[in-house]
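Below is one structure, written out as structure tokens; the observations come after it.
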Number of protein chains: 2
Amino acid sequence: MNEGKITNKNGLTEEQFLAAYNADKYEKPSVTADIIIFTVSDEEKESYRKLPQKVLKVLLIKRGDHPYMGQWALPGGFAQIDESLEEAAARELKEETSIDDLYMEQLYTWGDVARDPRMRVISASYLSLADSKTLDIKANDDADDAKWFTVSYKLFQEQKTVTEKGYILTRLFKLELQNEDDRLSAIIKTVKAVEGKVSKTEREILESKGIAFDHAKIIEYGIERLRSKIEYTDTAFNLMPELFTLTELQQVYEVILDTELLKANFRRKIADMVTETNEYTKDAGHRPSKLFKFNANWNDTK
Amino acid sequence: MNEGKITNKNGLTEEQFLAAYNADKYEKPSVTADIIIFTVSDEEKESYRKLPQKVLKVLLIKRGDHPYMGQWALPGGFAQIDESLEEAAARELKEETSIDDLYMEQLYTWGDVARDPRMRVISASYLSLADSKTLDIKANDDADDAKWFTVSYKLFQEQKTVTEKGYILTRLFKLELQNEDDRLSAIIKTVKAVEGKVSKTEREILESKGIAFDHAKIIEYGIERLRSKIEYTDTAFNLMPELFTLTELQQVYEVILDTELLKANFRRKIADMVTETNEYTKDAGHRPSKLFKFNANWNDTK
DNA sequence: GCAAAAGTGTTTCTTATACACCCATGG
DNA sequence: CCATGGGTGTATAAGAAACACTTTTGC
């Protein structure tokens with residue numbers, strides 16, 4: 001019957017094997033896709049002259065049911081059996097922001113056993129970036145309970161212990177998320193243990209006020225990823241509108257990296273990632289500035 | 001009864017909610033942890049004078065059952081319900097190499113729908129590195145059907161199409177995996193589509209000879225990760241034994257990056273990542289060279 | 001002696017960093 | 001006129017890249 005076909009030790013061909021396969025031999029975990037979406041938007045102007053300050057914001061959803069009822073969580077949900085993880089993430093994102101075509105990259109997959117009190121849940125997290133102007137247009141007015149929170153993320157303690165074959169570096173970060181009504185916070189500990197050649201970094205939530213599950217850790221990881229990518233890639237432009245001034249671009253870099261940059265040097269650094277247009281800002285209370293757009297071909301020469 | 005406790009819209013407290021929770025409302029995917037383990041080892045010497053050539057190797061397992069029976073796959077397996085993804089990966093790795101304490105980092109989670117003909121399988125992949133001397137000692141002699149394959153990975157076609165708002169960059173890579181008995185190969189296409197600010201990269205297997213599932217894609221991704229990390233971190237030392245010569249270290253960089261490096265410049269670049277010892281090689285057929293070890297504190301000054 | 005590799009020095013070019021200066025606008 | 005930001009130049013330091021040369025061993 002099975003002439004000419006490869007059979008396994010039970011004498012089954014691939015078709016026969018697949019037809020008989022029992023996919024439920026083992027207990028399976030649930031899988032979710034969670035999305036961190038960041039944007040940078042303007043605070044109120046202090047005077048007619050000053051430029052508005054930029055702040056980094058993250059979108060969170062208020063939980064309407066147990067567990068962590070009333071607390072805030074990253075948008076996300078269970079991956080359906082017939083959609084890829086990317087599709088699940090994009091679907092959840094669209095449900096919350098009603099935007100289709102956002103930048104999105106896989107961040108990390110969180111696989112600890114006790115992440116969720118309901119059951120074993122593995123969460124694939126995605127990092128997404130949007131510019132605030134596009135978000136304004138497609139305002140998610142249905143806004144079940146989705147809100148943007150201003151992000152503050154600071155290192156406040158660092159400790160290094162030297163061991164025989166390496167060292168242990170412990171850092172404490174304070175994450176604060178804030179909007180008009182709520183103020184959430186968390187303390188995250190990262191431990192980098194170097195022993196010989198092998199180094200391991202672990203993250204732990206020491207305190208989490210108002211942030212559901214282990215999402216404080218995911219947000220922390222997302223900020224770190226954003227910081228490192230902005231330095232050597234063009235991701236920052238996903239946070240910019242079509243047209244922008246170089247100072248606006250610089251402010252975005254500054255708010256993400258949490259440092260001040262020198263104007264002249266910054267402009268040289270990003271020079272070939274942008275193209276100038278013939279348009280200018282107006283009514284700014286000071287000299288108008290030229291508007292630029294992203295130059296997708298900037299790394300051609302490199 | 002439920003005084004003082006938060007209840008949801010059905011009047012349930014968290015305890016009651018969790019007790020009643022049905023974790024099997026939706027069909028769940030299976031989750032595996034797969035590991036790419038790389039090592040760099042010596043080829044035969046050509047003459048008593050010449051140094052042995054270094055080659056990059058990856059560990060694969062011959063599949064003993066359907067699907068892809070007889071083909072080669074990355075070591076890995078289903079994540080148990082009571083172990084984290086890291087634990088699952090480490091367990092699988094130990095089963096194959098009998099080494100405990102290897103460098104391991106999460107690589108990427110593959111979530112496409114049709115990755116496995118048996119059922120929906122999501123695979124969290126991990127990248128691991130080992131030095132060949134340690135591997136030699138703890139030889140995995142039980143060797144069910146685990147074998148090391150020499151890796152060759154080359155770009156052989158590149159095509160750029162400029163569009164209105166960006167470009168499409170298509171690249172074809174040839175991956176070849178080889179040992180004494182088998183010669184596997186795959187062609188992988190990566191498409192980077194830049195449109196406005198948003199860029200997307202997709203990977204596709206055009207041809208896969210002898211490599212099971214989508215594992216050719218995972219290996220390709222692992223090589224890319226290894227290449228980029230070796231340039232700006234100290235991961236390379238995970239491929240080195242305790243003591244090594246600077247030329248050996250340079251060979252490891254060269255085989256991974258697939259380029260030749262200038263000796264003097266290379267030595268300046270890695271100078272503060274290594275510490276010299278008082279030991280030397282001998283009987284080399286040429287001038288003996290000083291042995292170095294990894295300096296875990298190299299980034300202190302930065 | 002000589003092949004092969006070990007090991008170091010010099011020159012040049014490119015980037016990064018810090019700082020100083022002038023320009024244009026709206027109230 | 002002046003606060004505020006727009007925009008550019010210059011000088012110095014640090015780093016990357018290319019090349020040249022000397023030293024040491026085993027056979």
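Computed from a predicted model, the values in this text were never measured in an experiment. Letters A, B, ... mirror the listed sequences (proteins, then strands); counts begin at 1.
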Tell me whether B/K229 is salt-bridged to B/E105, with the criterion being a basic N under 4.0 Å from an acidic carboxylate O. yes
With the side chain defined as heavy atoms from C-beta on, B/Y280 is closest, among C/dG27, D/dG6, C/dG7, to C/dG7
Rounded to whole Å, the CD-P distance (A/Q250 to C/dT17) equals 14 Å
Worksheet item: OP1 or OP2 of D/dG15 less than 4.0 angstrom from a side-chain nitrogen or oxygen of B/R268, does that happen here?
Response: no
Whole-Å distance, A/Q251 CD to D/dT4 P, equals 15 Å
Here the distance between atom P of C/dG27 and atom NZ of A/K282, to the nearest Å, is 14 Å
Side-chain contact check for B/R287: nearest option of C/dA6, C/dT25, D/dC27 is C/dA6
**Asked** Under 4.0 angstrom, heavy atoms only, what part of the nucleic acid is A/K290 near: base, sugar-phosphate, or nothing?
**Response** sugar-phosphate
Side-chain contact check for B/K263: nearest option of C/dG7, C/dA5, C/dT25 is C/dG7
Separation of D/dT8 atom P from A/K269 atom NZ, nearest Å, is 19 Å
From CG of A/L249 across to P of D/dG5 the rounded distance in Å is 17 Å
Counting only side-chain N and O atoms of A/T247, is one of them less than 4.0 Å from OP1 or OP2 of D/dG6? yes
From the candidates D/dT8, C/dA24, C/dA18, the one with an atom nearest any side-chain atom of A/A264 is D/dT8
Item to complete: Decide, yes or no, whether a salt bridge links A/K293 with A/E242 under the criterion of side-chain N to carboxylate O below 4.0 Å.
Response: no
note: A/E276, atom CD; D/dG7, atom C1'; distance rounded to Å ~ 12 Å
Between NZ of B/K50 and C1' of D/dC27 the distance, given in whole Å, is 17 Å
The answer to which of A/L262 and A/A284 contacts DNA chain C further toward the 5' end, by nearest nucleotide, is A/L262
Whichever of A/E248 and A/G285 has the more 5' nearest nucleotide on DNA chain D, that residue is A/G285
A/N265 atom CG is separated from D/dA11 atom P, nearest whole Å, by 15 Å
- request: Measure from NZ or CZ of B/K197 to the centre of the six-membered ring of A/F294 and say whether it is under 6.0 Å with the direction within 45° of the ring axis.
  value: no
Q) Within the structure shown, what part of the strands sits under 4.0 Å from B/L246 by heavy-atom distance: base, sugar-phosphate, or nothing? A) nothing
Give a yes or no on whether the backbone of B/T235 and the side-chain of B/N238 come within a donor-acceptor separation of less than 3.5 Å.
yes
message = On the six-membered ring of B/Y167, is B/K160 placed so that its NZ or CZ lies under 6.0 angstrom from the centre and within 45° of the ring axis?
response = yes
